[in-house]
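Numbers for residues simply follow the sequence, beginning at 1.
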Amino acid sequence: MKRRGMLIIITAVIFASLPLTARAAMPVPDLLPIGQLRLDEEPEQEAGEDNDNSVEESGSDEAGETAQDVLNPSIGSGTILISEKTAEDYELAYERAKNANWGYTNLGIADVSDNLNIRAIAAEDGRLVGKLPKDAACEVLDLEDAWAHIVSGNVEGYVSRDYLLTGIPAKHRAEELATTIAKVTTDSLKVRAEANTDSEVITLVPRGEELEVSAVEGDWVKVFLDDEEVFVSAEYVEVSAELGTAVTMSELLYGQGISDVRVDICQYAKEFIGNPYVWGGTSLTKGTDCSGFVMGVFKKYGVKLPRNSRAQAGCGTTIKVSEAKPGDLIFYAKGKTINHVAIYIGNGQVIHASSPKTGIKISNVSYRSPFKAVRVLYD
């Protein structure tokens, strides 16, 4: 028995003196009948044995050695434990990662030719709760077989995964689509024709409205006011990159007392959301400008309107903007010269062919100061 003990001690000493690579090459299985090699916990004590000299026999200065101690301590979880990064550093890195996806942590982009239906449940017969326009963005909350649970703007629901880009394809598409916008941070922002305070004030834009940025020029930001480039003070806007979001059903529905023809006109106009703006165009699908859009929509319902917005403003009956119903026309002006027209759709919103960048879109009626309202429907 003593001889067996001496052999064990000699073998252990020789093994401990070898480099780690040499140890790995040794026939370790030959030692296993004597005792399992345990690096993750202390050796179990056999019943009836005295363990007072176990440390000496192992050839180790410390008890409880782990695999992490044997290996380079900079590998694995040890790196986390000795990292000099603070919680604030990781939070900053996280925010930068989010900003790289335009504020989305799991970005989705609608890959459709018109609008992607958003439903209350993950089923084709689910109640419609909103629409995600072509190329609009969403936060993907979860993926469930053929459906994606998303939130976009003020809408949360489910869309078909067949028509939603996610991951790297979504980010690549977003890089093509992102629009730089200037969000108004004052109660009433003056929009000027030129980049100086002596220039003509074209209109006033309320707090929270977003204007598409053309360029930043020192203390001034050049923005698009529909299809015209104008200027606002950089002091009163926040500039950032944004992606389009979903349209809620409340933006697509109407109050009581609105005739069927008014509802039909507005619903028909919304079929062309996202279609291109083309100056001088009259095609609702291939491209139109603001007055061509209005003319084309009303033509379907037997209402003939002139070709340009100034002439359209002379039709029908002038009403107060506050009295407008869905289907009435809202006009905007540069100074006192009318240069833009939109269709009021209810809930304080209009639909219009806005600019080459955005095409046909929905805006708040006060996205710029309304100049005049006209009623051409008599129902």
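Between the side chain of Thr185 and the main chain of Tyr236, a donor-acceptor pair closer than 3.5 Å is present. Looking at Lys361, its side chain never comes within 3.5 Å of a backbone N or O of Gly274 through a donor-acceptor pair. Between the side chain of Tyr268 and the backbone N or O of Phe272 there is no donor-acceptor pair closer than 3.5 Å. A side-chain donor-acceptor contact under 3.5 Å links Ser152 to the backbone of Ala137. A side-chain donor-acceptor contact under 3.5 Å links Arg307 to the backbone of Gly280. A donor-acceptor pair is defined here as one N or O able to donate and one able to accept, closer than 3.5 Å; no such pair exists between the side chain of Ser366 and the backbone of Arg368. Although no hydrogens or angles enter the test, the distance criterion places a donor-acceptor pair under 3.5 Å between the side chain of Asn196 and the main chain of Asp198. Put simply, the side chain of Glu217 never gets that close to the backbone of Lys222: no donor and acceptor are under 3.5 Å apart. For Arg375 (side chain) and Gly316 (main-chain N/O), no donor-acceptor pair under 3.5 Å exists by modelled atom type.
Side-chain polar atoms of Ser369 and Thr203 form a donor-acceptor pair below 3.5 angstrom. Between the side chains of Thr285 and Asn275, not a single donor N or O lies within less than 3.5 Å of an accepting N or O. Residues Thr317 and Tyr378 have side chains that bring a donor and an acceptor to within less than 3.5 angstrom of each other. Counted by atom type alone, Tyr277 and Asp227 present one or more donor-acceptor pairs between their side chains at under 3.5 Å. Checked by atom type, the side-chain pair Glu229/Ser214 shows a donor-acceptor distance below 3.5 Å. Between Gln349 and Ser363, the side chains place no donor N or O within less than 3.5 Å of an acceptor N or O (distance only, hydrogens not considered).
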side-chain hydrogen bond (donor to acceptor under 3.5 Å, both in side chains) between Ser291 and Asn308, worked out: CA-CA 5 Å; Ser291 56; Asn308 65 69; over 6 Å; no
Test salt bridge (Lys or Arg N to Asp or Glu O under 4.0 Å) on Arg262 and Asp328; report intermediate values, then the result. CA-CA 9 Å; Arg262 288 181 178 272; Asp328 289 337; 3.1 Å; yes
Go through the steps to decide whether Phe298 and Leu377 satisfy the test side-chain contact (heavy atoms from CB on, under 4.5 Å), and finish with yes or no. CA-CA 10 Å; Phe298 278 83; Leu377 294 174; 4.0 Å; yes
Where do Lys190 and Leu204 land on the side-chain contact (heavy atoms from CB on, under 4.5 Å) test, with the steps shown first? CA-CA 5 Å; Lys190 294 178 181 178; Leu204 299 175; 3.7 Å; yes
In sequence, state the C-alpha distance, the side-chain angles, and the governing distance for Glu209 and Lys183, and then conclude on salt bridge (Lys or Arg N to Asp or Glu O under 4.0 Å). CA-CA 6 Å; Glu209 284 295 331; Lys183 186 174 183 178; over 6 Å; no
Worked verdict on Asp219 versus Glu235 for side-chain contact (heavy atoms from CB on, under 4.5 Å): CA-CA 7 Å; Asp219 294 334; Glu235 182 180 356; over 6 Å; no
With side-chain contact (heavy atoms from CB on, under 4.5 Å) as the criterion, how do Leu305 and Val294 come out once you've worked through the C-alpha distance, each side chain's angles and the decisive distance to 0.1 Å? CA-CA 8 Å; Leu305 294 172; Val294 170; 3.7 Å; yes
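Looking at heavy atoms from C-beta onward, Val140 lies out of side-chain contact with His149 at the 4.5 angstrom threshold. Side chains of Glu212 and Ser355 form a contact here, defined as non-hydrogen atoms less than 4.5 Å apart. Put simply, the side chain of Cys138 reaches to within 4.5 Å of the side chain of Leu164, judged on heavy atoms. Taking the side chain as every heavy atom from C-beta outward, Phe224 and Ile181 never approach each other to under 4.5 Å. Side-chain contact between Arg119 and Val129: absent, with no pair of heavy atoms (C-beta onward) separated by less than 4.5 Å. Contact annotation: the side chain of Leu132 never approaches that of Val155 to less than 4.5 Å [non-hydrogen atoms, C-beta and beyond]. Using a 4.5 Å heavy-atom cutoff, the side chains of Leu211 and Val237 are not in contact. Annotation: side chain of Val374 is in contact with side chain of Phe331 (closest heavy-atom distance under 4.5 Å).
Closest heavy-atom contact between Pro133 and Asn115: CA-OD1, 3.2 Å. Considering every non-hydrogen atom in both Met295 and Pro306, the closest pair reads SD-O, 3.9 Å. Nearest approach of Gly126 to Ile121, heavy atoms of both residues: CA-CG1, 3.7 Å. The two residues Tyr332 and Val365 have their closest heavy-atom pair at OH-O, 2.7 Å. Of all non-hydrogen atoms in Ile118 and Gly157, the two that sit nearest each other are CG2-CA, 3.7 Å. Counting all heavy atoms, side chain and backbone alike, Leu143 lies closest to Ala148 at CD2-CB, 3.7 Å.
The residues Glu200 and Arg192 are annotated as not salt-bridged, no charged nitrogen and carboxylate oxygen being separated by less than 4.0 angstrom. Using a 4.0 Å cut-off between a side-chain N of Lys or Arg and a carboxylate O of Asp or Glu, Lys134 and Asp114 do not qualify as a salt bridge.
Atom NZ in Lys171 sits 13.5 Å away from atom OG1 in Thr166 (nearest 0.5 Å). For the atom pair Tyr344 OH and Ile330 CD1, the distance stands at 7.5 Å (nearest 0.5 Å). Atom-to-atom distance recorded for Asn339:CG and Asp226:CG is 7.5 Å, nearest 0.5 angstrom. Going from atom CD1 of Ile109 over to atom CD of Glu176 covers 10.0 Å, rounded to the nearest 0.5 Å. Interatomic distance, OG of Ser354 versus CD1 of Ile360, reported as 10.5 Å (0.5 Å rounding). Separating the CG atom in Leu243 from the CG atom in Asp135 is a distance of 9.5 Å, to the nearest 0.5 Å.
Note on Val213 and Trp220: separate hydrophobic clusters, where clusters join Ile, Leu, Val, Met, Phe, Trp and Tyr whose side-chain heavy atoms are under 4.5 Å apart, directly or indirectly. Residues Ile202 and Ile338 do not share a hydrophobic cluster, defined by chaining ILVMFWY side chains whose heavy atoms lie under 4.5 Å apart. Under a hydrophobic-cluster definition in which Ile, Leu, Val, Met, Phe, Trp and Tyr are linked whenever side-chain heavy atoms come within less than 4.5 Å, directly or via other members, Ile343 and Leu284 are assigned to the same cluster. Linking ILVMFWY side-chain heavy atoms closer than 4.5 Å, directly or via other members, places Val350 and Val376 in two distinct hydrophobic clusters. Under the 4.5 Å side-chain heavy-atom criterion for Ile, Leu, Val, Met, Phe, Trp and Tyr, Leu128 and Trp147 are members of distinct hydrophobic clusters.
More than 12 heavy atoms of other shown residues, nucleotides or ligands fall within 6.0 angstrom of atom CG in Asp162. Other residues, nucleotides and ligands contribute only 12 or fewer heavy atoms inside 6.0 Å of the CD atom of Glu124. Enclosure of atom NZ in Lys372 by more than 12 non-hydrogen atoms of other residues, nucleotides or ligands within 6.0 angstrom is indicated.
Ring-plane geometry between Tyr367 and His352 is classed as tilted, the angle between the planes lying from 30 to 60 degrees on a 0 to 90 degree scale.
Of the options Ile150, Leu107, Thr105, a side chain to side chain contact (heavy atoms under 4.5 Å, CB included) to Glu139 is made by Thr105 and by none of the others.
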